[in-house]
Number of protein chains: 2
Amino acid sequence: MRTDETGGDPAARPRAGTGARTVGIKQVAERAGVSPGTVSNVLNRPERVAAATRERVERAIRDLGFVRNGSASTLRAGHSSTLGLLVLDLANPFFTDVARGVEETAGERGYAVILATSADSAERQARNIRVLAEQRVRGVLLTPVGDEAERADMLRERGVPVVLLDHPTPRASQCSVSVDDVAGGELAVRRLLDGGARDVAYVTGPASLRQCADRRRGALRALRAAGLGRDALRELTMPAMNPRAGHEAGQRLLADDRPLPDAVFCANDLLALGVMRALLAAGVKIPQDVALIGYDDIEFSAAAAVPLCSVRQPTYQLGRIATELLLEECDDPSGHAHQQVMFQPELVVRESSGGSA
Amino acid sequence: MRTDETGGDPAARPRAGTGARTVGIKQVAERAGVSPGTVSNVLNRPERVAAATRERVERAIRDLGFVRNGSASTLRAGHSSTLGLLVLDLANPFFTDVARGVEETAGERGYAVILATSADSAERQARNIRVLAEQRVRGVLLTPVGDEAERADMLRERGVPVVLLDHPTPRASQCSVSVDDVAGGELAVRRLLDGGARDVAYVTGPASLRQCADRRRGALRALRAAGLGRDALRELTMPAMNPRAGHEAGQRLLADDRPLPDAVFCANDLLALGVMRALLAAGVKIPQDVALIGYDDIEFSAAAAVPLCSVRQPTYQLGRIATELLLEECDDPSGHAHQQVMFQPELVVRESSGGSA
DNA sequence: GAACGGGGTTGACACGTTTTAATCGCTCGG
DNA sequence: CCGAGCGATTAAAACGTGTCAACCCCGTTC
């Protein structure tokens, strides 16, 4: 682990300021008394080079502090050893968990990850896809904004594998990894109905987000199963999905002419925490007056004022599996069979949803 | 915003499967009837090329769906238009907020960001620095693990500007942007003492983290100012700084032979939320039995079971300023004057710290 | 009318690596 | 003792872009 192995040649390291041109494969070759090609072999197919030479080269690499130039490498190879990860919102712990799974899996295989955020904006997504295309990333993990998944076709046409993350696709031409959001929505609302609720509110983000739309469908399905019409669902569509927007939604519920709903289902925990704060501040009791369920089961939900009942998704696994599929496709584009993986969510019962029934 | 401007030539776009070799500056040049050099000029110094030709070239670019090859560009130019951002822990909202500031600022200036996580591990930090060096990033924003800031010297020696993030440095040879953690710790503990506490616990992460050490120093300073010795501070050093570790710490306090402390100061909000959960679960009243203060004022703290009193840092600003300094140095390495910026934290008073005094 | 000047454009080379075909030095079987 | 064969190494040709000096064309000046 020590790094001071420079050996007897202190002048070897490149100096900071002037002089000491960048050290490349060429300088290493010269110092080791071999040709540049051999150095390249040491780096990429060590088994093809004799032990003695390899050692000499490795020594020279250390002495000179050589670091391979990724651009040149990428240029020559036609693709980099970098993956792109484009998520909707970094501020949402759901995505950072996914990112953790991606980063670790990629790291194990020697890939770096370029992480970028769409911030729910199709324009930013397009810009980021462009950047990734320029960087000639090896593959891309994409959480598409709305139905803009087609943007990714630009990448696939260029031969860049794309795996859709948290977004199922009917198309057999690509991989996708997702969680059944319809089932999740149904799970949540069924729980609320079982607790006796009849007037349910759904606090959600932009309808263009598939996640929101699917969870809503699940909610409606649960209502139908209970013999209720879709007008039993009071919908509040917010422009963002953060606690602030949730707080705003909560205040809107309070200000409404109608009485408060029996229960509130939020499209994610961030919204739910905001709603909770607004309601509690107004003296509303949770779950006695209003039951509340969120989605994602982020780490903070358990520690909320009233522990938040939520729908858990296998986030880390999501990132890991998606990355494995992507790398599999990268390694063998032709022999790769596309898969549409769909996980099932799980209800995490906590106080906010009421009676333990 | 529409993208279907392809014009009258549907055969122009590269086909998906076979054929249609990668389209480069050369193909664009041919189609536009100019030389590759001119295309390059259109891309990099549009003002140098006549309006008519430029338009023709831009048309060809759209028709062919050309995307500049970043690797070739980087190789030739000697540096990329990518910044590296190396943070301690993506799961901590503090860092995602910083990252947001970085990404937006960089994006405005046309830079992409490679985001990587050290996960508090010096080894992973070293690996990531190496990757960034290989990618020939233009500059690096680094939140060093412990005192491992020297690792960054490898980058600076290579001519890659480095700005230390959330880490002050005495060295005038580089920029740093940070928040006064000693002051923050003092702020927090003074508040607890003002509330009447005499027996204070400090729940912290690895002592190797500068943030933890500095906040501790601030805490001790506040104690001293109140005429108390350092033995008035009961310290619990946890291996991680997440809610789980906090919960563990809370249970340890409960299991201790000694009575519960009057107050607990946590090195960050994640720990504090964990401690809170453990204490509340055991029937301990906050703040009546034990007062509690966290650090970072993450978004979820306000919505906690007992709204969490915390020390706020200007996270987004931190990221923004750091990026601006970095880009300034990138643009003009010689004319750049290094700065050590230090923000002051701010106490956000909430219920968990007790009496509104 | 010739020299001059300047904006626009071109051509060719360089960037650092990977890769392929060719070369070198040896050993071994005939 | 010679040639085949083999492993290790090398020389050279790409990869796609940026840059810079040279060049061309056309209008201006003396």
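Convention: sequence-line order gives letters A, B, ...; per-chain numbering from 1.
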For atom [atom1] of [X] and atom [atom2] of [N], their distance in whole Å:
X        : N      : atom1 : atom2 : result
B:Ile61  : D:dT17 : CD1   : C1'   : 13 Å
B:Lys26  : D:dG18 : NZ    : C1'   : 14 Å
A:Arg54  : D:dT9  : CZ    : P     : 10 Å
A:Arg76  : D:dA14 : CZ    : P     : 9 Å
A:Glu134 : D:dT17 : CD    : P     : 10 Å

What nucleic acid atoms does [X] come within less than 4.0 Å of, heavy atoms only: base, sugar-phosphate, or nothing?
X       : value
A:Val34 : sugar-phosphate
B:Thr53 : sugar-phosphate
A:Val49 : sugar-phosphate

Could you tell me whether [X] and [Y] make a salt bridge, using a distance below 4.0 angstrom between a side-chain N and a carboxylate O?
X        : Y        : value
A:Arg124 : B:Glu103 : yes
A:Asp153 : A:Arg158 : no
B:Arg320 : B:Glu324 : yes

Is there a donor-acceptor pair closer than 3.5 Å between any side-chain N or O of [X] and the backbone N or O of [Y]?
X        : Y        : value
A:Thr117 : A:Ala119 : no
A:Thr38  : A:Val34  : no
A:Ser80  : A:Arg136 : yes
B:Arg45  : B:Val42  : no

Shoot me the first and last contacting nucleotide of DNA chain C against chain A, ordered 5' to 3', at under 4.0 angstrom to non-hydrogen atoms.
-> C:dG16 to C:dT19
Base, backbone or nothing for each nucleotide of nucleotides 20-26 of chain D, written B, S, -, heavy atoms under 4.0 angstrom, 5' to 3'?
-> -------
Toward the 5' end of DNA chain C, by each residue's nearest nucleotide, B:Ala51 or B:Leu75 | B:Ala51
OP1 or OP2 of D:dT17 less than 4.0 angstrom from a side-chain nitrogen or oxygen of B:Ser73, does that happen here?
-> no
Could you tell me whether the phosphate oxygens of D:dA11, OP1 or OP2, come under 4.0 Å of any side-chain nitrogen or oxygen in A:Ser35?
->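 A:Ser35 to D:dA11 OP1/OP2: no side-chain N or O under 4.0 Å.
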For A:Arg100 and A:Tyr316, run side-chain hydrogen bond (donor to acceptor under 3.5 Å, both in side chains): C-alpha distance rounded to whole Å, both residues' side-chain angles, the deciding distance at 0.1 Å, then the answer.
-> CA-CA 7 Å; A:Arg100 206 164 45 84; A:Tyr316 181 84; 5.3 Å; no
Any side-chain donor near an acceptor of the partner, B:His338 and B:Gln174, under 3.5 Å =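 There is no such pair (donor and acceptor under 3.5 Å, judged by atom type) between the side chains of B:His338 and B:Gln174.
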5′-ward residue of the pair A:Ala50/B:Ile25 relative to DNA chain D =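 Its nearest nucleotide being more 5', the pick is A:Ala50.
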